[in-house]
Undergrad: 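The following block contains the structure, expressed as structure tokens.
The basis for the numbers below is simple: all heavy atoms, side chains too, and nothing from hydrogens, waters or symmetry mates.
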Amino acid sequence: MAELIVLILKEKGILTLNIIEAKGLTFQYEENSEPVLKQVDLEICEGEFVAVLGHNGSGKSTLAKHLNGICLPTSGKLTVAGISVCEENLSQLRRTVGMVFQNPDNQLVTTIVAEDVAFALENTGVPYEEMHQRVAEALRIVGMESFASHATHQLSGGQKQRVAIAGVIAMQPRILVLDEPTAMLDPRGRQEVMAVIRRFREQGMTIVLITHFMDEAAQADRVVVMDDGDIVLDGSPHYVFQNAGYLWSIGLDVPQSTDLMFRLRAGGLKVPLAVLTEEECVSVVEDILNGKVAWEDE
């Protein structure tokens with residue numbers, strides 16, 4: 001009865017259940033070494049799109065690797081979709097959590113696009129007809145269906161990364177973790193990959209995006225900032241990026257639109273600081289030109 005009530009409340013949007021829960025999560029790569037993760041507490045709701053920021057060495061990629069068991073907790077507890085992250089649960093965990101890494105060339109294992117997307121399905125014994133349907137659907141979702149018979153080495157960086165994502169999506173995971181998937185791509189490739197991520201977000205998939213691009217983080221539902229192995233900021237993009245001074249102090253940046261607002265505020269204009277997008281920025285500039293924004297000393 002209790003489970004039925006929870007299900008009804010969830011479907012009505014009254015209750016949102018956590019799909020990822022970390023309590024006191026600590027991790028060391030070597031015994032007696034400095035912990036890379038230090039008592040991390042984190043909850044992520046099902047269907048949430050969370051961006052994780054942090055400078056190199058902050059622990060963000062190590063946190064991501066825990067979500068599908070590449071790394072296992074030294075101490076503390078981590079539960080993903082009700083699965084405790086530990087050695088005996090790795091097979092179940094990796095069917096639940098799909099992971100995409102930085103370099104698409106390191107993730108492509110065959111010479112033909114459709115064969116690459118099918119690779120993991122073949123290795124897990126998915127029947128041929130079902131595998132064919134999953135491959136076609138995954139390629140359609142990432143906008144690569146017309147490239148099914150193309151050679152993987154002839155694709156652009158953005159196209160390769162979309163194929164890598166298709167290979168993960170074909171496994172039908174509940175959670176998609178992307179560890180700096182656009183770090184090695186040009187601006188066009190970045191846009192292609194982010195368009196795919198936004199599509200998954202609209203479909204309700206739980207997404208954890210590790211990134212050092214502030215404009216990507218600004219598109220998330222929530223931003224988590226890590227420093228020295230711990231979470232130091234957690235909230236909506238507007239909330240997190242208002243703390244520009246603090247972010248700069250720990251070696252991070254803010255979206256260009258937010259940076260401009262801080263500079264205008266420093267120059268004496270009463271502009272809002274919670275500006276993330278180009279559209280919001282243009283609106284504020286138009287208000288300035290139309291005399292709708294006052295100076296601080298007025």
Side-chain angles (χ1 to χ4, degrees), residues 18-46 48 50-107 109 120 123-124 164 167-168 171 173-184 206-213 217 220 222-235 240 246-252:
N18 292 325
I19 195 168
I20 297 172
E21 291 187 349
K23 300 291 184 184
L25 177 62
T26 302
F27 178 74
Q28 298 165 267
Y29 278 103
E30 295 180 2
E31 189 176 355
N32 300 321
S33 65
E34 181 74 13
V36 180
L37 299 178
K38 301 175 181 178
Q39 299 288 319
V40 171
D41 292 336
L42 178 65
E43 295 181 350
I44 294 177
C45 296
E46 187 163 13
E48 197 169 19
V50 178
V52 182
L53 300 176
H55 58 77
N56 291 338
S58 64
K60 63 184 187 299
S61 289
T62 300
L63 176 63
K65 291 173 182 175
H66 274 76
L67 298 181
N68 80 334
I70 294 175
C71 294
L72 299 176
T74 302
S75 63
K77 185 177 181 181
L78 176 61
T79 304
V80 179
I83 306 166
S84 178
V85 177
C86 57
E87 188 75 38
E88 53 266 35
N89 292 336
L90 290 184
S91 178
Q92 183 183 6
L93 183 66
R94 288 170 182 168
R95 289 194 297 270
T96 305
V97 182
M99 193 153 184
V100 179
F101 298 94
Q102 284 187 26
N103 191 340
D105 286 318
N106 292 341
Q107 300 169 82
V109 293
N123 281 276
T124 53
V168 171
M171 295 295 292
R174 291 179 62 187
I175 302 167
L176 180 61
V177 179
L178 304 107
D179 188 4
E180 300 196 43
T182 64
M184 302 185 70
T206 305
I207 300 170
V208 180
L209 172 65
I210 313 298
T211 183
H212 63 268
F213 290 113
R222 175 176 158 207
V223 177
V224 171
V225 180
M226 298 192 68
D227 183 47
D228 194 27
D230 202 1
I231 294 173
V232 294
L233 275 177
D234 185 353
V240 168
Y246 178 70
L247 293 172
W248 287 325
S249 75
I250 61 172
L252 296 179

Undergrad: When rounded to the nearest 0.5 angstrom, what is the spacing between CZ in Arg222 and CG in Asp234?
TA: 4.0 Å

Undergrad: Once rounded to the nearest 0.5 Å, what's the spacing between atom CG of Leu252 and atom CD1 of Ile250?
TA: 4.5 Å

Undergrad: For Asn123, does the CG atom sit with more than 12 other heavy atoms under 6.0 Å from it, leaving out its own atoms?
TA: yes

Undergrad: I need the single residue from Arg95, Glu88, Arg94 that forms a side chain to side chain donor-acceptor pair (under 3.5 Å) with Ser91. Which is it?
TA: Arg95

Undergrad: Ignoring hydrogens and geometry, is there a side-chain-to-backbone donor-acceptor pair from Thr26 to Gln39 under 3.5 Å?
TA: yes

Undergrad: For Tyr246, what residues pass the ring-ring contact (aromatic ring centres under 6.0 Å, His included) criterion, not counting sequence neighbours?
TA: none

Undergrad: Taking the side chain as C-beta and beyond, is there a heavy-atom pair between Val240 and Val225 under 4.5 Å?
TA: yes

Undergrad: Just verifying a value: how many Å separate Leu247 CG and Leu53 CG, rounded to the nearest 0.5 Å?
TA: 8.0 Å

Undergrad: Out of curiosity, His212 NE2 to His55 NE2, how far, rounded to the nearest 0.5 Å?
TA: 14.5 Å

Undergrad: Of all heavy-atom pairs between Gly54 and Lys60, which one has the smallest distance, and what is that distance?
TA: O-NZ, 2.8 Å

Undergrad: Quick one: CG on Leu78 to NZ on Lys23, what's the gap to the nearest 0.5 Å?
TA: 11.5 Å

Undergrad: Taking all non-hydrogen atoms of both residues into account, name the closest pair between Gly76 and Pro73 and its distance.
TA: O-CB, 4.5 Å

Undergrad: Using modelled atom types only, decide if a donor and an acceptor are shared between the side chain of Gln107 and the backbone of Phe101 within a distance under 3.5 Å.
TA: yes

Undergrad: Is there a side-chain contact between Thr96 and Pro173 in this structure, where contact means two heavy atoms from C-beta onward sitting under 4.5 Å apart?
TA: no

Undergrad: Given side chains that start at C-beta, do those of Phe27 and Val40 come closer than 4.5 Å, heavy atoms only?
TA: no

Undergrad: Just wondering, do Leu42 and Leu63 contact through their side chains at under 4.5 Å, heavy atoms?
TA: yes

Undergrad: Do Leu209 and Pro181 have side chains that approach each other closer than 4.5 Å (heavy atoms only, starting at C-beta)?
TA: yes

Undergrad: To the nearest 0.5 angstrom, please state how far the CG atom of Leu93 sits from the OG1 atom of Thr79.
TA: 10.5 Å

Undergrad: Quick check: are there more than 12 heavy atoms from other residues, nucleotides or ligands sitting under 6.0 Å from CD of Glu87?
TA: no

Undergrad: With a 4.5 Å heavy-atom cut-off, do Met226 and Ile231 have their side chains touching?
TA: yes

Undergrad: Heavy atoms, side chains only, cut-off 4.5 Å: are Asp179 and Met99 in contact?
TA: yes

Undergrad: Going by atom types alone, do Ser84 and Asn89 pair a side-chain donor with an acceptor below 3.5 Å?
TA: no

Undergrad: Going by heavy atoms in the side chains, are Glu34 and Lys38 under 4.5 Å from each other?
TA: yes

Undergrad: Near Met171 CE, under 6.0 Å, is it more than 12 heavy atoms from other residues, nucleotides or ligands?
TA: yes

